[in-house]
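Please read these numbers as outputs of a predicted model, since none were measured by experiment. Heavy atoms only: backbone and side chains are in, while hydrogens, waters and symmetry mates are out. Counting begins at 1 with the first residue of the sequence.
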Amino acid sequence: FPSHDTNDIVQEVGKLMKLKQVRIKDINWDFKKQYENYCSKQSYGMSYVGKIFKNIKTVGNFAYDNYDVETHQMLRAKVKFDEEESKAIYLTEEEIKKIAEFDFKNERLNNVRDWLVIGCGTGARISDFMRFNSSMIKLKDLGNGVKIRVIEYIQEKTKIEIISPIIQSSILFCTLEKLGWSFDIS
């Protein structure tokens, strides 16, 4: 199967079904029911449950299409799982401000705080904001004499250019100003 997780889960469900070995033809509606029960007991999120089952279907369909392996028609059907509502997890502006203003009385923790504020202020992935340096801060002319500071960088994951504004009254602006517009935080 495509990933270690997928294979492990398939084998665990197979044990519940009292199968010595799970074969592709064993992936049927009963397997799906056992799979859902297993994943529920493991407290897996529904997006993960769907992703792993998609892996299972991909392997089954590949075997069917390329090797004439016997499969259950369920693998070629649209299989739905109950959707769960995604919870947006974020810090409010007020919470970020409290963090930014808090003095840990420990240089290392204060540096971590500053990086957290920079991450929250830019929305950048850690792989991106850990590469930030002062040369990425630019002054952009918006026309009519209006200029703003921005952070320009290429996203590591997508290779897309990002231009993130640094609004003057923002917590990010205040933090970077305090740091002398430098990302040289140890």
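Residues Y48 and D5 are in side-chain contact: their nearest non-hydrogen atoms beyond the backbone lie under 4.5 Å apart. Between V150 and I137, the closest side-chain pair of non-hydrogen atoms is not below 4.5 Å. Between I56 and V10 the shortest side-chain heavy-atom distance falls below 4.5 Å. You'll find the side chain of K33 stays beyond 4.5 Å of the side chain of W29, heavy atoms only. Looking only at side-chain heavy atoms (C-beta outward), E107 and N111 come within less than 4.5 Å of each other. Side-chain contact between F183 and R131 is absent, with no heavy-atom pair separated by less than 4.5 Å. Side-chain contact between T122 and L172 is present, with heavy atoms from C-beta onward closer than 4.5 Å. Between M74 and F31 the shortest side-chain heavy-atom distance does not fall below 4.5 Å.
Counting non-hydrogen atoms of other residues, nucleotides and ligands closer than 6.0 Å to OH of Y64 gives a total of 12 or fewer. Annotation: K159, atom NZ; neighbour count of heavy atoms from other residues, nucleotides and ligands within 6.0 Å is above 12. For K138, the NZ atom sits in a packed shell: over 12 heavy atoms of surrounding residues, nucleotides or ligands are nearer than 6.0 Å.
A donor-acceptor pair is defined here as one N or O able to donate and one able to accept, closer than 3.5 Å; such a pair exists between the side chain of N61 and the backbone of L75. Side-chain atoms of D103 come within 3.5 Å of backbone atoms of K105 as a donor-acceptor pair (strictly under, hydrogens ignored).
Between the side chains of T175 and R113, no donor-acceptor pair is found at a separation under 3.5 Å.
For F53, the ring pair (Phe, Tyr, Trp, His ring centres under 6.0 Å) criterion is met by Y35, F81, not counting sequence neighbours. A search for side-chain contact (heavy atoms from CB on, under 4.5 Å) contacts involving F102 returns F104, not counting sequence neighbours. By the side-chain contact (heavy atoms from CB on, under 4.5 Å) test, S127 pairs with R125, E156, sequence neighbours left out.
Hydrophobic clustering keeps F132 apart from I167 (ILVMFWY residues linked when any side-chain heavy atoms are closer than 4.5 Å, directly or through intermediates). I27 is connected to V49 through a chain of hydrophobic side-chain contacts under 4.5 Å among Ile, Leu, Val, Met, Phe, Trp and Tyr, so both are in one cluster. In the hydrophobic clustering of ILVMFWY residues, with side-chain heavy atoms under 4.5 Å counting as a link, I118 and I171 come out apart.
Between E93 and K97, no side-chain nitrogen of the basic residue sits less than 4.0 Å from a carboxylate oxygen of the acidic one, so the salt-bridge criterion is not met. Between D114 and K178 a salt bridge is recorded (basic side-chain N to carboxylate O distance below 4.0 Å). The existence of a salt bridge linking E70 and R23 is excluded, since no basic side-chain nitrogen approaches an acidic carboxylate oxygen closer than 4.0 Å.
When all heavy atoms are compared, the tightest approach of S182 to S134 is CA-CB, 4.2 Å. In terms of heavy atoms, P165 sits closest to I148 at CB-CD1, 3.9 Å.
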